Amino acid sequence: MESVRREPVPVLRGLVHHYHGFRFPDVVERSRLELPCGAVTVLIAFAEPIRIGLASDGGTRTFQRASFLSAGRAVAAIGRHRGHIHGLELTLSHPGAHHVLGLRMAELAAGFPTLGEVLGREGELLVEQLAGLPGWEARFARLDAYLTRRAADSRVLPAWQVTRAAHLVAAGWPLRDIQRDVGWGERHLRSRFLEQVGMSPKAMARVLRLQAALRAYLAGCGWSQAAVLARYHDQAHLGHDVKAITGLTPGRLAELRRGAPPGSALDRLPGRVTSVLLG
């Protein structure tokens with residue numbers, strides 16, 4: 001098994017979190033629950049395609065993709081592969097994806113669009129070029145060059161109000177206080193969030209609150225204490241959100257996670273719980 005992670009060149013910091021190259025040997029079919037985590041994921045498979053669907057319907061309606069984006073999603077997804085998997089994963093910030101792709105992010109949240117669907121022939125060529133390069137460093141360098149060019153050429157700049165509001169959502173501020181701070185009304189703030197983040201401020205708050213609760217639980221707190229620390233009304237409220245977002249009960253989620261801390265080898269972001277092996 002190969003697993004190689006690298007941060008992008010400095011000019012892309014804040015836009016791109018990191019790159020991850022991987023190659024898994026042939027094994028029995030495996031499934032992963034991919035939790036929403038406040039970031040945008042681009043996956044490019046060079047061998048077997050990935051089957052991806054939403055956890056809310058048990059992954060029964062699946063899309064088979066050699067490359068796809070997962071953006072603006074407030075519910076978990078289920079990815080399945082047969083073990084012979086070789087490819088790259090890019091993790092971008094929401095403002096970074098909006099700036100680099102130049103698209104209204106809510107348009108990407110309805111499904112799992114391919115790079116060809118998002119970027120046209122340019123996206124298809126990028127996948128072909130990455131697959132044809134001889135190793136990870138060459139592929140990472142190609143991504144650095146491609147994303148740096150797109151960022152430099154982009155005419156799309158995130159509004160400072162959205163960036164500021166996103167930081168305040170992550171800090172747990174009430175939405176009314178956030179609106180007052182940035183000087184926007186509820187409807188306008190929601191519209192600009194859908195444009196630049198892909199989800200509403202309320203949905204983002206829900207995702208980040210669940211992440212805070214999972215961090216607390218995996219740090220040794222009980223579910224009741226984790227609910228308090230993450231600003232849930234009570235443990236029942238936390239349990240409802242875990243089920244609604246992941247399709248699992250808190251107990252089953254913890255069992256499958258097997259005590260792995262946030263930011264472990266399973267996860268794509270430091271301090272976040274982004275993946276759970278289902279089997």
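Nothing fancy with the numbering, it's 1 onward along the sequence. Here the structure is a predicted model, which is why all the values come from computation and not from measurement.
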For a quick test of reading the model, state the closest non-hydrogen atom pair linking Leu238 to Ala213 and the distance between them.
CD1-CB, 3.7 Å
What's the shortest heavy-atom distance between Asp181 and Arg164, and which atoms?
OD1-NE, 2.8 Å
Give a yes or no answer on whether the side chain of Tyr232 reaches the backbone of Leu210 with a donor-acceptor pair at less than 3.5 Å.
yes
Please give me the minimum heavy-atom distance between Leu133 and Ala138, naming the atom from each residue.
CD1-O, 3.6 Å
Distance, nearest 0.5 Å, that separates CZ of Arg206 from CD1 of Ile245
4.5 Å
Please confirm whether the ring centroid of Trp160 lies under 6.0 Å from the ring centroid of His167.
no
Is a side-chain donor-acceptor pair under 3.5 Å present for His17 with Ser93?
no
Between His18 and Arg6, is there a donor-acceptor pair closer than 3.5 Å when you use the side chain of the first and the backbone of the second?
no
Atom OH in Tyr19, atom CG in Leu130: separation rounded to 0.5 Å?
10.0 Å
With the 4.5 Å side-chain cut-off for hydrophobic clustering, are Leu208 and Val242 part of the same group?
no
Flag, side chain of Arg190 to backbone of Pro201, donor-acceptor distance under 3.5 Å:
no
Given Leu278 and Arg80, is the side-chain contact (heavy atoms from CB on, under 4.5 Å) satisfied, shown in steps?
CA-CA 10 Å; Leu278 297 176; Arg80 295 186 174 92; over 6 Å; no
Would you say Val75 and Met105 are hydrophobically clustered, going by side-chain heavy atoms of ILVMFWY under 4.5 Å?
no
Classify the ring geometry between Tyr217 and Trp223 as parallel (under 30°), tilted (30 to 60°) or perpendicular (over 60°).
parallel
Distance-only, no hydrogens or angles: does the Ser154 side chain make a donor-acceptor pair with backbone N or O of His99 under 3.5 Å?
yes
Is there side-chain contact between Leu101 and Leu69, with heavy atoms separated by less than 4.5 Å?
yes
Closest non-hydrogen atom pair, Leu218 against Ala260:
CD1-O, 3.5 Å
Tell me whether the count of non-hydrogen atoms from other residues, nucleotides or ligands lying under 6.0 Å of CZ in Arg121 goes above 12.
yes
Contact check, side chains of Leu175 and Gln179, non-hydrogen atoms, under 4.5 Å
yes
Is Thr246 reaching over with its side chain to a backbone N or O of Ala76, donor-acceptor style, under 3.5 angstrom?
no
Say whether, by atom type as modelled, one donor and one acceptor occur between the side chain of Asp267 and the main chain of Thr274 under 3.5 angstrom.
yes
For the backbone of Gly271 and the side chain of Arg215, can you confirm whether one donor and one acceptor N or O come within less than 3.5 Å of each other?
yes
Could you tell me whether the side chain of Gln211 and the main chain of Pro36 form a donor-acceptor pair under 3.5 Å?
yes
In short, Val100 meets Ala151 closest at the heavy-atom pair CG2-CB, 4.3 Å
Considering residues, nucleotides and ligands other than Glu255, do more than 12 of their heavy atoms fall under 6.0 Å from its CD?
yes
Please walk me through it: do Leu125 and Tyr146 pass side-chain contact (heavy atoms from CB on, under 4.5 Å)?
CA-CA 11 Å; Leu125 283 173; Tyr146 176 77; over 6 Å; no
Just by modelled atom types, is the Gly72 backbone N or O under 3.5 Å from a matching donor or acceptor in the His94 side chain?
no
Are the side chain of Arg104 and the backbone N or O of Gly198 linked by a donor-acceptor pair below 3.5 Å?
no
Check whether any side-chain heavy atom of Arg65 sits under 4.5 Å from a side-chain heavy atom of Pro49, and report yes or no.
no
From CD1 (Ile52) to OG1 (Thr41), nearest 0.5 Å:
9.5 Å
Give, for atom CZ of Arg51 and atom CD of Gln64, the distance between the pair rounded to the nearest 0.5 Å.
7.0 Å
Given side chains that start at C-beta, do those of Leu253 and Leu214 come closer than 4.5 Å, heavy atoms only?
yes
If you count heavy atoms of other groups shown closer than 6.0 angstrom to CZ of Arg150, is the number above 12?
yes
Considering only heavy atoms from C-beta outward, does the side chain of Phe193 approach that of Lys202 to under 4.5 Å?
no
Hydrophobic cluster membership, Phe140 vs Leu115, 4.5 Å side-chain cutoff
yes
Which class fits the ring pair Trp136 and Phe46: parallel under 30°, tilted 30 to 60°, perpendicular over 60°?
parallel
Tell me, with the steps shown, if His86 and Glu2 meet side-chain contact (heavy atoms from CB on, under 4.5 Å).
CA-CA 9 Å; His86 175 206; Glu2 297 178 39; over 6 Å; no
Are Leu147 and Leu103 linked, directly or through intermediate hydrophobic residues, by side-chain heavy-atom contacts shorter than 4.5 Å (ILVMFWY only)?
yes
Drop me the distance from Glu117's CD to Glu124's CD, to the nearest 0.5 angstrom.
9.5 Å
Out of curiosity, Leu43 CG to Thr114 OG1, how far, rounded to the nearest 0.5 Å?
12.5 Å
Report yes or no: do Leu119 and Leu15 belong to one cluster of Ile/Leu/Val/Met/Phe/Trp/Tyr joined by side chain heavy-atom distances under 4.5 Å?
yes
Near His188 NE2, under 6.0 Å, is it more than 12 heavy atoms from other residues, nucleotides or ligands?
yes
Residue pair Leu126, Glu122: steps toward the side-chain contact (heavy atoms from CB on, under 4.5 Å) verdict:
CA-CA 6 Å; Leu126 177 64; Glu122 181 180 318; 6.0 Å; no
Taking all non-hydrogen atoms of both residues into account, name the closest pair between Leu88 and Arg139 and its distance.
CD1-CB, 4.0 Å
Donor on one side chain, acceptor on other, Arg192 and Gln161, under 3.5 Å
no
Side-chain contact, heavy-atom cut-off 4.5 Å: Leu35 with Arg272?
no
Flag this pair as yes if the NZ/CZ of Arg73 is under 6.0 angstrom from the six-membered ring centre of Phe112 and inside a 45 degree cone about the axis; otherwise no.
yes
Considering only heavy atoms from C-beta outward, does the side chain of Val9 approach that of Thr148 to under 4.5 Å?
yes
Are Glu89 and Arg268 close enough that some pair of their side-chain heavy atoms sits under 4.5 Å apart?
yes
